[in-house]
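Okay, so here's the structure we're looking at.
Below, chain A is the first sequence line, B the second, and so on; all start at residue 1.
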Amino acid sequence: MTLIEIQEILRDAVRDTARKEFGVELTQIAAETPPKTELGDIAFPVAFEMAKLIKQATGEKSNPREIAEKLKAALESIAQVGRVEVAGPGYLNVFFDRSAFLAANADAEPLPNSSKSADMSSPKVCVEHTSVNPNKSAHIGHVRNSVLGDTFQRILKATGKRVEVQNYIDNTGVQVADVVVGFIFIENKDLAEIKALDAELTAAGKTFDYYCWDLYTKVGVEYQTNEELKEKRAEVLHLIEEGGNPTAELADFVATRNVECILDTMERLSIQYDLLPRESEILHLHFWDRAFEQMKKLGVIHLETEGKQAGCWVMPFEEHSGNDENETDKILVRSNGTVTYTGKDIAYQMWKLGILGLDFNYRHFHKYANGHDVWITSAEANSNEHPAFGGGETIYNVIDSRQSYPQDIVRKGVAAISPERGEKASIHLSYEMVALSPAAAEELGFQLSDEDRKRPFIEMSGRKGLGVKADDLINRLETNALAEVEARHADSSDEVKRNIAHQLAVGALRYFLLKFTRNTVIVFDFKEALSFEGETGCFCQYSAVRANSIFRKLAERNESLEDCRAIIGDGAAVAELFATETGSDIWSMAVLAARLEETVEQASKQNEPAILAKYTFQLAKAFNLFYHNHKILVETDNVKRAVLILVADMARRSLTAALATLGIEVPEKM
RNA sequence: GCUCCCGUAGCUCAGCAGGAUAGAGCGUUCGCCUCCUAAGUGAAAGGCCAGUGGUUCGAAUCCACUCGGGAGCACCA
């Protein structure tokens with residue numbers, strides 16, 4: 001019986017007793033973890049609420065402690081419960097039958113639902129993340145998006161959801177046009193020359209996306225003084241959108257090469273995708289026209305005939321309070337007949353939900369080293385063997401909080417077209433940006449104005465070339481980690497050492513980005529991001545590595561977990577052990593390890609990966625303490641030794657599963 | 001002008017379907033490797049939870065207002 005199951009039984013018992021004994025109907029019953037193990041394993045502060053409800057119903061005042069006493073009797077009759085205490089003004093503190101719990105959970109799967117995620121009958125959800133404009137390399141702000149999205153999809157899978165991961169490619173936008181302008185009009189290169197340049201860069205160990213990063217900045221600077229060049233941008237943008245011309249072909253090469261580079265960067269962080277939907281296909285397959293038809297038919301959009309918006313198709317949007325300058329209605333089709341970004345996004349969101357009535361064509365894009373396939377949309381139907389994409393029950397869009405307003409419009413627009421699915425089918429997983437401290441910006445070599453220097457943080461900007469590039473940071477982390485590994489395991493092979501350094505770098509970066517809750521602005525600090533000590537991914541990995549080394553030693557001695565279970569027998573001696581002070585200490589490790597499933601559920605429900613990150617750290621810290629306090633292998637009391645081993649095993653399996661859900665691997669040694 | 005987010009230890013952050021003594025990490029000071037990995041660990045110091053008022057048996061947590069800081073409100077994407 002898992003912890004979640006026991007909790008449900010307890011809740012039911014509380015609810016039944018409240019109804020039978022007091023005539024009170026409880027809807028939600030809050031269960032909390034007491035601050036200390038001495039105060040029990042689960043606490044219900046429910047008697048206070050009941051006293052209030054009874055007073056409302058009958059007008060009679062009742063004593064919370066007396067209510068708690070009655071509930072106590074009901075809960076104590078449950079098999080999994082050892083005893084119940086009424087504490088303080090009326091807390092109901094439940095203590096499990098510890099030895100029975102250990103026997104039932106010692107070999108339990110820490111995340112029992114995760115296997116269901118591969119089952120085609122499980123509900124499907126889509127998670128869109130990354131979506132970096134394919135005109136330059138990714139920076140640390142993009143990585144926050146990707147790590148958040150990737151971790152969240154892992155959390156959803158751990159709860160048994162079937163997940164499709166999409167990375168939207170805006171390959172026809174102005175950002176791509178700007179780099180194309182740079183190649184054609186500043187560098188005077190044609191497609192063949194760009195391909196040659198790409199080959200040169202690759203041969204020199206450099207990357208195309210880094211080259212574009214600099215070129216993009218250069219174009220931005222040039223625009224400030226060169227009006228002629230700015231006019232070229234509009235021309236280029238138009239040619240790209242139209243397609244079927246040399247400029248569009250050049251742009252496609254540039255965008256695709258950048259996508260490949262960004263996918264490489266993300267793969268270094270264990271981030272993979274299922275599908276890359278592109279804006280070019282949304283245009284060429286006329287997704288918007290279909291959405292437009294539906295919206296007109298349903299009357300959720302109308303043609304404005306007078307006023308400032310005359311000639312535009314607009315969607316009423318009352319919730320947004322406009323002022324004199326900003327209208328309250330949102331324009332979806334401009335007076336010149338072109339569709340706005342928001343309009344396209346509504347059509348795309350409809351496709352994701354499977355209510356557009358159109359589909360993309362697909363072709364295979366790339367096979368990852370682990371065999372996973374990623375597909376890309378295509379205008380031509382040139383592959384008939386592809387998985388079914390889109391049509392998710394719920395859609396999670398990982399997009400930073402600055403886009404809350406447009407996301408809100410998309411959600412409301414889609415809900416207007418499909419009221420039965422409603423707004424709840426579209427979830428904006430918003431997060432605050434990663435910014436630079438003024439000091440960090442200067443460390444990167446940027447000149448700041450006096451005004452900027454006084455600001456709490458400086459926003460990163462791809463246009464200005466201001467940002468910490470993802471690969472640079474990963475490289476620095478790997479270099480630092482390698483030096484540490486070198487110092488500890490000089491005799492290992494280079495390949496082993498590099499692999500460990502890589503795993504540590506990934507752990508450090510992912511944990512660093514996940515420990516902050518979504519609505520906290522991360523003011524990037526090199527020292528903190530590069531740290532391997534304290535509250536870091538490395539700390540958690542180290543804890544797991546130490547745990548594994550215990551079991552490596554055990555295996556060398558030909559001892560197994562089955563032996564431990566045999567030693568425990570009927571559990572009478574275990575119950576005696578858990579009743580002592582040291583036993584209580586051991587118990588608290590076991591019960592914390594058993595809370596992983598509950599924590600993952602909570603992180604999923606609240607759309608907050610940081611909850612899992614914090615738990616993982618807490619678990620690692622608890623294990624370090626456990627490891628420090630109990631010398632497991634040399635323990636002479638047989639029963640205690642067996643219990644220590646079983647609990648250590650629970651902890652390391654929970655820790656490993658928690659880390660895996662965060663996208664962090666456990667190195668073989670550190 | 002309107003909307004949203006943030007304000008908790010010297011610094012960076014958790015805690016916020018109201019509940020037990022407000023927690024971590026970094027930094028500071030003093031300790032711990034004959035023993036399963038010291039990337040570890042013990043202890044100390046450090047708090048009017050921005051302010052005011054309200055709701056409540058009970059508020060860091062909910063409500064209102066005020067003050068600071070940030071983001072957003074396009075026929076841009």
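Here Lys621(A) does not pair with Glu535(A) in a salt bridge; the nearest charged N to carboxylate O distance is not below 4.0 Å.
Checked against A77(B), C13(B), G58(B), the side chain of Arg334(A) finds its nearest nucleotide in A77(B). Minimum atom distance to the side chain of Ser549(A) is reached by U37(B), of the listed G40(B), U37(B), A20(B). When each of G69(B), A14(B), C57(B) is scored by its nearest atom to the side-chain atoms of Pro456(A), the top-ranked nucleotide is G69(B).
If you take atom C1' in G40(B) and the same atom in C35(B), they sit 15 Å apart, rounded to whole Å. Rounded to whole Å, the separation between the P atoms of G53(B) and U21(B) comes to 24 Å. Comparing C11(B) with G47(B), their P atoms sit 12 Å apart, to the nearest whole Å.
For the pair Pro35(A) and Thr172(A), both in contact range of RNA chain B, the more 5′-proximal nearest nucleotide belongs to Pro35(A). Both Asn133(A) and Thr33(A) lie near RNA chain B, and the one whose nearest nucleotide falls closer to the 5' end is Thr33(A).
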Residue pair His630(A), Asp585(A): steps toward the side-chain hydrogen bond (donor to acceptor under 3.5 Å, both in side chains) verdict: CA-CA 10 Å; His630(A) 307 284; Asp585(A) 189 43; 3.1 Å; yes
Go through the steps for Phe287(A) and Tyr348(A) under the test ring-ring contact (aromatic ring centres under 6.0 Å, His included), then give the verdict. CA-CA 7 Å; Phe287(A) 273 27; Tyr348(A) 176 40; 7.9 Å; no
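Glycosidic conformation at C33(B) (O4'-C1'-N9-C4 for purines, O4'-C1'-N1-C2 for pyrimidines): syn, within 90° of 0. With a glycosidic angle no more than 90° from 0, A17(B) adopts the syn conformation.
At a cut-off of 3.5 angstrom, counting only N and O atoms as typed in the model, there is a donor on one side and an acceptor on the other between the side-chain of Ser335(A) and the base of C75(B). Between the side chain of Asn93(A) and the base of A20(B) there is at least one donor-acceptor pair of N/O atoms closer than 3.5 Å. Side-chain to base pairing of Lys36(A) with U21(B): one donor and one acceptor N or O lie within less than 3.5 Å of each other.
Here Phe526(A) and Phe524(A) bring their ring centres to under 6.0 angstrom of each other.
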